[in-house]
Structures are given as C-alpha cells and as structure tokens.
Amino acid sequence: MSLDSVKRAAETPDEPMPYAELGMKGDEYQRVCDILGRRPTGSELAIYSVMWSEHCSYKSSKVHLRQFGTKAPKSDALLVGMGENAGVVDIGDGWAATFKIESHNHPSYVEPHQGAATGVGGIVRDIMSMGARPIAVMDALRFGGADQQDTRRVLPGVVEGISHYGNCLGLPNIGGEVVFDPCYIGNPLVNALCVGLLRKDQIKLATAPGPGNKVVLFGARTGADGIGGASVLASATFEDESQAKRPAVQVGDPFMEKLLIECCLELYQADVVVGIQDLGAAGVSCATTELAAKGTGGMTVDLNLVPLRDPTLRPEEILMSESQERMMAVVTPEDIPAFMAICEKWDVPATVIGEVTDTGRLVMTWDGDVIVDIPPGTAADEGPVYERPFHEPAGQAALNADGPERLPRPEDLRETLLRLLGSPNLGSKEWVTSQYDRYVRGNTVLAQPADAGMLRISEVMPGAEETTRGIALATDGNGRYARLDPYAGAQLALAEAYRNVAVTGAAPLAVTNCLNFGSPEDPEVMWQFAEAVRGLADACKTLGVPVTGGNVSFYNQTGSTAIHPTPVVGVLGVIEDVATRVRSGFTTEGLRVVLLGDTRDEFGGSEWAHVAHGHLGGLPPAVDLEAERALGSVLVEAARDGLLEGSHDLSDGGLAIALAEACLAQGVGATLSLPGDDAFVDLFSESTSRALVCVRPEAFEALAELCGRYEVPCYGLGTTGGASLAVEGVFEIPVAELRETHAAPLPAIFG
Amino acid sequence: MARVIVDVMLKPEILDPQGQAIARALPRLGFSGVQDVRQGKRFEVEIEGEADEAALAEVRKMAETLLANTVIEDFTVHVER
Amino acid sequence: MARVIVDVMLKPEILDPQGQAIARALPRLGFSGVQDVRQGKRFEVEIEGEADEAALAEVRKMAETLLANTVIEDFTVHVER
Amino acid sequence: MNAARVGVVTFPGTLDDQDAARAVRLAGAEPVPLWHADHDLKGVDAVFLPGGFSYGDYLRCGAISRFSPLMDELIPAARAGLPVLGTCNGFQILCEAHLLPGALTRNGGLHYICRDQGIRVENADTAWTSDFEAGQEIVLPVKHGEGRYVADTETLAALERDGRVVFRYVGGNPNGSLNDIAGITNEAGNVVGLMPHPEHAVEELTGAPSVDGRGFFTSILKRLVNA
Ligand SMILES: Nc1ncnc2c1ncn2[C@@H]1O[C@H](COP(=O)(O)OP(=O)(O)O)[C@@H](O)[C@H]1O
Ligand SMILES: [Mg+2]
C-alpha cells in the first residue's frame, strides 16, 4: 500500500489529483500548489478542500457578511463578536451569555432523524467550546406544504431527532418555529439554536498557544461519518483495498454528548484547558488548522494516534470525518494527568495526538511519514473570497406589481378568522412542541407557546454572583416577505424577533442569524442574499443590537428552483428581574385590553393572501424600525414598572390571530371593539410595530402616559373575561371553538 | 399462517450508540470477553397463507419501505425456523 | 471470534404499540395479508474465542440480567448461522 | 436539630438532579449529591432518584444504571426501609432493580410527551405522600417516551387490592399505562416510583403551572423529623 507522503508529492509533481471531485476549482487547486511550492498530498488536499468549501470558508458570503461588523452599532455588551465559535454578550452581574443558530438542512432531508439530531449536537458543541454551560435549545423549522407527501416523512423524523437529542442532553427546548410552504419541499430548513451561560471572566477561545502544550482529542472515536468526499480521494489516488462506499450520514450519540458537556464543565472548573475547539464539519482538519492558526502558529499531529471506530480508515478520511461528539483541547503537559482523570470520571475517551510548536507549520504524520506540512493559516483563514455577480431577478418587478389589492376581500370575518387559525402555519404547534422537554434544569420561565422563551439565571456555575436576571430568546423569519423584498424581509424577521423578546419584558441585546438561500452561483439568488444581509445589517444598526454570529446555508434548491430566501433571525434579550416577566395573552378576567401601534392596509405576503387566495405578490408590510424601537421601550418599561398583566405580539395573521391566541393562552375570553373603520383591515392586516397588552384598569392611565412619552399609539379595545372572543358588530366565537380549530391541523395530518 | 422474521441492523459503518453503551457497560457488570455489541430490531410478521416466494418478496418490500431505513440500515428476511 | 445473537421479544401478553402501529400502517401502504406484527430487539454480541457451551451460557446470563427485562420480555440465544 | 439529609443520585446521563436538589433545598432539607460509581450512601436519611436518560436509555430505560455500585448499596437499604423516591427514569430504575414490580414500556402513542398532567393521589400513607389527601387531584408535568406501566394480571390485582397504586392519571392517560397508573409503592410504603415530576412543580416562577410537587418533599421531611 503506498502512502502519499510529502516526500512522494515532491517526487511526483505531475500526479493528477482529484480536486474537482472534491469540489475544488482549478484556480483554487493552483493556489494550493503555489502556497506549498509543490502539489499537495492527498491528506493536504483533503484539508484544503474542506476548509475552502463554501460551508467552512464562507467564500461567497464573506464580502457581504462584513457589513455586520462595519455597520455594527456600538454596544458595550459585546464581549466576543463574529468569527469565534459563537458570540458572547455581557448580561450583567458578572454573567455572560453565548448563543448561535446554525443550519443542518441538507442532512435533515437525507435522513430526517439523524440529520436534525446531529444539527442540535453540533450547535451545542459550539456553545460548549466558548467555555459555557449550554442551558437551552430552540429549533426553527421549515417544511414543504403540510399536505405534501414528503412532508410526512421529513417532519416527524426531524421532530423526533430534535426531541431525542435535545431531551437526552437535558436541555430545555424553549421555542422555535414550524412553517410550511411548498417552496421547501425538497429543501426543508432545520435551524437549531443553542444558548449557554458562563462567567464573563471565563470565556474560552479556540486557540493553541504555547509550544510544548499537548493537543488532546476527546469524546467519541472517529468513524467513517460524512466522508463521501474523502473516499473519492482515497480510491482515486491510491491503489484501494477496501474502498467500500462510505456513508454520508452522521449518527449522533446524545448520551456521549451529555457526558462531554459535564466533562468539559469540570475541565473548565479545574482550569486545565488552554484552548478548545469543537469538531464539526471538517472534523480534525478544521480543529487542527484553526487552533494552530490562532495560536502560536504551529502544531504536530500523529494521525495514527486518533482513536478509530473503523480501523480501515485512511488518513485523508480521518481528516475529513465528521464523526459527532468530539472536541479538541490544548493542555499544558503538567495538567495532562488532571485532564485525563476528569475525562475518565465521565467515561470520555481522551488521547494526546500532538503538540503545539512555533514552527508556523502544521505537520502531520502517518506511520512515521510526513503526510501534511502546511502553514495552517492558509487553510483556516486565507481561503478564496468571491465577489459573485448578482442582479435583481427577472420577475421581481412583476411580482412586486402584482399586489394583493386585486384580491376579493371577505364578507364573513368569523369564517376567515377560523380558516386562518386552523391552517397549518397558524394552528397550534403542540404536536411538535409536546415532544420537547421544556422543564428540565428547572429554570424555564417562559416556553412555548409564549412569544419568546425565557430562562432565569441560577446555579449554573460555581463562584458566580447571584442575580435576579433572566434572558429571553426568540427566532423569526418569513420567507414570503423576503421573496417579495429580501432587504425588507430580513429587517422584518429581525423586527419580529425583537418584538417577541420585548413583549416578555426583556430588553433586546444581541442578534444571531441563519441565512438560508439557494445557489450563490445564481446571480438572482445572490442578489437576494446581498439584499438580505444589507437589510439586516442596516436594521441592527438602527435597533442598536449587534450581530454576534450566525451561519449561512446556500444551495437550498432543487434543480434551478431555489427556496424563498429565508433569513432566520434570533434575538437575545435581558430582563433585570425575571420575576417581572410578562406572561402571554389574557391571563385573567377583568383586564383592559390595549392595542399598541398603528394599523395600515397591508396584505402583501400576508397569511390571509396565502391561505385564502394562494397569492404571493406586492410588497411586504412597511418596516418602521424607529416605531419598533419605541414599542420595545414601552414594553420593557411597562413590564419593569409592573403595569402589564399579559402581552402578545402581532405578526402573522394580524390582530385577529393575536386575539385568538391571547384567549387560548389561559382560556379567558374578551369583549372588544375595533379602533378603525374597516374591520377586515383592523383584524387581518400585518402592519408591524404592534403588540397587544392587558393591564389592570387602574394601570391604564400610566400605560397611556408611557405610550405618550414614546409616541406609541395606544387604543383601548375592551375587557377580558367570558367564554368567548366577542368583537362588537363583527363576530362572537366561543373560546372552545377557537381551541378546537387551532388544535386541529397538525394532528389531522401527522396523527 | 406463517411467521416471517425481518432482522434490521444498522449498516456496519454507521455508529451504533446503543450497542456501544451496552458494550461499555458489560465489563463493569462483570462480563468480560465481549468485543462488540450491536443492537438492532427484529420484526415478527404473521402472514396469511404460506410463506412462499411471493409472500417473502412482499415482506421484503415491506422491509424496504417501512421496517428498515435503508439509508442507514440493512435488513434480512427469513421464515421462522 | 464468534458472533452470538440474542433475540428479545415482548411477552405475548404484553401490548406492543410499535408492532401495532406498523400493522395498521401496512394496508395504507398497499400491503395486505399481514395479520400481526411484533417488534423486538436483536443484539449481535461479538465474543472472543469460540462460541462453546460456556460462552453461550455467559451470553445467556447477559441476556437475562441486562439485555432483556424478563418481567416483560422473552429472549433466545443462538450462534449466528 | 440538623436538617434532614436527602441523597440525590447522579448517573451518567441523569438530567433532573439539579432540579431535585433544588426542590429538596427549598423544602428545608439538605440535598446530598450521590455518585453512581461510589459504594457510598453517605448516611443520608432518604434518597431521590431523579429523571434523565441514564446511559442514554438506549437499551431499556434504567437497565444499565441499576447495576451501578451505588445501587448495590441502595437496594438493600431500601429493602430495609430507607425512603426512596424515583421519578421518571428513577422509577424505571426502581422497576429494573425489582424494588418495585412491573415495568415501564414505550408510550402507547409512540412519541415522547411533555405536558402538564392531572394526577389523583390514591394513597396518602406512603413516606412521600403523607402531606396529600387521598383522592386529592394535583397537576405535575410528565415528560417521557417510555412511561407506560405494565405488569401481569396478578401483580396488577395485588397492587390494586393492597392500595399500592399511589397515583393515577386523570383527564387523559398520556401513555397508555395499565389502569391509568402513574405511580406505585412497595409493600412497606417507603419506596415510591412515579412518572410525573414533582421536582418541576415547586416554584411559582418556573416549571409547571402548579406548586403541587412541594407535597412530596414536605411529606418526607415530616417523616424524617418525626422519626
Ligand atoms: N419547532 C418549534 N420548537 C419549539 N417551539 C416552537 C416550535 N415552533 C413553534 N414553537 C413555539 O410555539 C409558539 C408559537 O409559535 P409562532 O406562532 O411561530 O410564534 P410567533 O408568531 O410569536 O413567532 C412559540 O412559543 C414558539 O416558540
Ligand atoms: Mg409572537
């Protein structure tokens, strides 16, 4: 068996390498040759091809994502910004929170259960690698039409995968989304978010400083997971012995990950970790090059020492393996015994596989031969950067011209409300969320179906200050809005998540995002992407919330048909005293119901147009970030002053759906009248910057005064109580009927 | 009536966390000499009539579409002995 | 090295909701003629050395104490054919 | 007087141990962490086996945990009268260890289910339920994939006859448990297992919309103080 060593590569400069099969362009390959001054070995090619892939290098998106930095609002809260495994923000009293959302779209289409499960596993390891204890997860999901055949395969599997992995880790699931649209039929979106807590003086970074320090690989053994590409390499370049088809599917072991979490936290506590990195996509290649590049600059690794699940793996396969539940740490030689003892306590296999050097080279050996000898920064940080061409899609103007004005408006608003409420997108998500543990760890203050999830902060880390604080999180995205106008669509996603956090009483602080798009090689898709990023960066600046990190998922398309551009935005907020949190909806009888914000005739991309007419055209509702910010201030101050007994944001389906959901929260009805003169517009328009609150009658004056101060319009609608939702002169619907209608759609389809 | 057995196991290259958890636990329980454990599923399918070739072919189709997830699992079908 | 198989099935009197769900789904998928389905577990235990009587006895003990819960499950042990 | 000491066991994969310890503390007792690999009960007055996915629950819930060194100590101690409460995975472990009869199997609906569940206290004479009234209805969260209680006909009849069914689901059976059984006790009444989670229902701010779980902890405290 011949091994492609550095020596051999130097001796056989003309040997053809399968770079194209690994997704590398000719000029990219030429750059590798220029960097090395020779052709790369198979193992080096493995490293460069994964590190320079779209997924790892962000080569198509980088030039746009820079705006998140250049336009970032000034924020004292930002402790670690973009570029690390996850952003970290200061949440007060010595505490920091780290959070990030990431996609696992394609794997979840291939094998829904494992794809979604490993999506959760991966984002949790990102959070762990910052030195934090993961404390909750969320999942933003998008599927094809609810009644489409393949959705019945994908949705139950995805939900089961998230349920199994998250529940087994002991992380409460505190929110997410379930959206159906035929555009996602071959490209479901599975975006998983994790949030972690740490003491702000204990942030860990992915860096390998200090020559002589040891490189430890710990966690699961390495198998042939997700190395379809590497087998091309192994079989194409070398006489192959056992190049059986290698699997593309990664399988997760949440039990191992739970042990890893506890093990890492004990390692951090014992202070025996110099630098740490999780192994995600690109596995050992990524961890070694990134650690070395950010540290002293050099590293030696003996690949024979990597513990294998499958002993037939070749070095280039080891380098590309995406086996789950693995971490890599840099540890001083003196701390190795203590490190190993903690791993042993938790039954986590750990192996020293290399050492930090100051040579500026990442050198790997196999059976004593040098098979990798590269400057690590060239793989980790100096990947190709593309300025891909983009232009507005051909049909965009026509799409925007085809507004909802031409759609016939309904006479029967009762029927319209029930029809929307009973549609898969607006119906209850309980079929999904009842499969998730929302209670574990005992710190869940709000979870589904609240507007945002909220956690109190307590007892997660020894030596930390006690605090009354809590954090709130929401994710939102609307592909239809973004299809009509990606710039506004991204802003609307941010505005909605911001509002969802604010209605609980938490002040929005920072942003994470997952940008799901079609192929960046299609200039029309690239335009959508560029517009969305520009919109999000501008809006973050206006709202004063920095982007701390995120993820880009391209190639979500079947043939030449891309999904709706779907930026999903997560907002994290802080509430100073978690006991002042505002619960969702009408919490008791006898409260004044108040609508905050103005309503305009806006139906482009609305749920009504979608459900009643299957129509998508025109423009999405107008974005007014100043109004959004003012509304947020009113909500946060009102909560702090104890004025609010309940709240709910207005979004998809407008006031009608918000009222119905508010009644369903505690089974309390209301008798109301509408502020405007067009009941249909009042009830179903999706104008932004609006929320519903309820207050004790004696608190109304104070609320009105507060609204006056921030120039937020405020309309008393009526009073809570009774067993139905009665809107004067329009309809009266028993809460029981609302409940039945709302509960029906998902069980009817998924059993 | 006949009983047809469908055995479904994860493909050999796919991680089997269930089997691994058992294999790791065995030594602690005083069982030595076990090198590996893999955990799969066994289905007992009772069919009307005889287990002739046609019936077995039908069960095989069942295994392929429903009982096994052929993305990650292999299966075998046999008549109970 | 030898491979010993342990099959574990729920006792007949214990309800098997997974098997029933499959049995119910089959007609919808166009499979007829199936009277009942039961789902159990199959373990492949790789042991060092030969699968002699002593080794099989050991695996039987493993099955009884760990792999099966004899309150609700029956098991059989055999060497892979 | 020293506070009562309640052991809270952690197995690899235990998840609700911090909640259990908090609930013990809020009730005024001292939670004592117990580690699965130690042959040591640390002289505690009672033991709480919390929920989770010990060993991933891949084989059967609780199957591997029950062989841990700690269980070697706990099993004889429980037989000798030490009060033991197992919730969820803890209940499964108690059954696997034969401290309680029967077994917990896959939910009838085949899905993991997390919801607030009505429960009737059928037996208010056990070590862990004396602060409730017999017949009292409470609300606790359930969250499990394998909580369907089964036992052979004779065992079931004996449980019913001897009043050893401690909790029954009301307002809908979440998992298809036989006789709607949510929890049972041993003959002596010192070992209780149930699927619902009292430790998630002890504070107004977090967890389930009730604080009905407090009764478990006040019950055991009274018993220990009066002992
Ligand atoms: N996949 C999911 N995972 C967890 N929670 C979810 C999921 N989908 C929806 N939810 C929860 O259900 C509730 C209703 O969702 P949604 O109507 O999308 O909220 P909103 O319109 O306020 O964004 C929210 O609490 C949300 O967090
Ligand atoms: Mg909302």
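Below, read A as the first sequence line, B as the second, and so on, with proteins coming before strands; counting in each chain starts at 1. Computation of the quantities below employed the complete heavy-atom set of this structure, encompassing side-chain atoms and omitting hydrogens, waters and symmetry-equivalent molecules.
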With B:N69, which residues qualify under side chain to side chain donor-acceptor pair (under 3.5 Å), at least two apart? A:E111

Taking heavy atoms only and a threshold strictly under 4.5 Å, list by residue number the residues of residues 20-28 of chain B that touch chain C; give 'none' if the list is empty. B:I22, B:L26

Residues in residues 50-64 of chain C near chain B [non-hydrogen atoms, under 4.5 Å]: C:E58, C:K61, C:M62

Counting only pairs under 3.5 Å, give me each side-chain donor-acceptor contact of residues 39-48 of chain B, with atom names and distances, residues two or more places apart or in other chains.
from: B:Q39; atom 1: NE2; to: B:Q18; atom 2: OE1; distance (Å): 3.4
from: B:R42; atom 1: NH1; to: C:D7; atom 2: OD2; distance (Å): 3.0
from: B:R42; atom 1: NH2; to: B:E44; atom 2: OE2; distance (Å): 3.2
from: B:E44; atom 1: OE1; to: B:R3; atom 2: NH1; distance (Å): 3.4
from: B:E46; atom 1: OE2; to: B:R3; atom 2: NE; distance (Å): 3.0
from: B:E46; atom 1: OE2; to: B:R3; atom 2: NH2; distance (Å): 2.7

Under the side chain to side chain contact (heavy atoms under 4.5 Å, CB included) criterion, do C:T65 and B:F31 qualify, and how do the steps go? CA-CA 11 Å; C:T65 48; B:F31 294 103; 3.7 Å; yes

Chain B interface, residue from C:D36, C:V37, C:L67 that has the most non-hydrogen pairs under 4.5 Å: C:D36

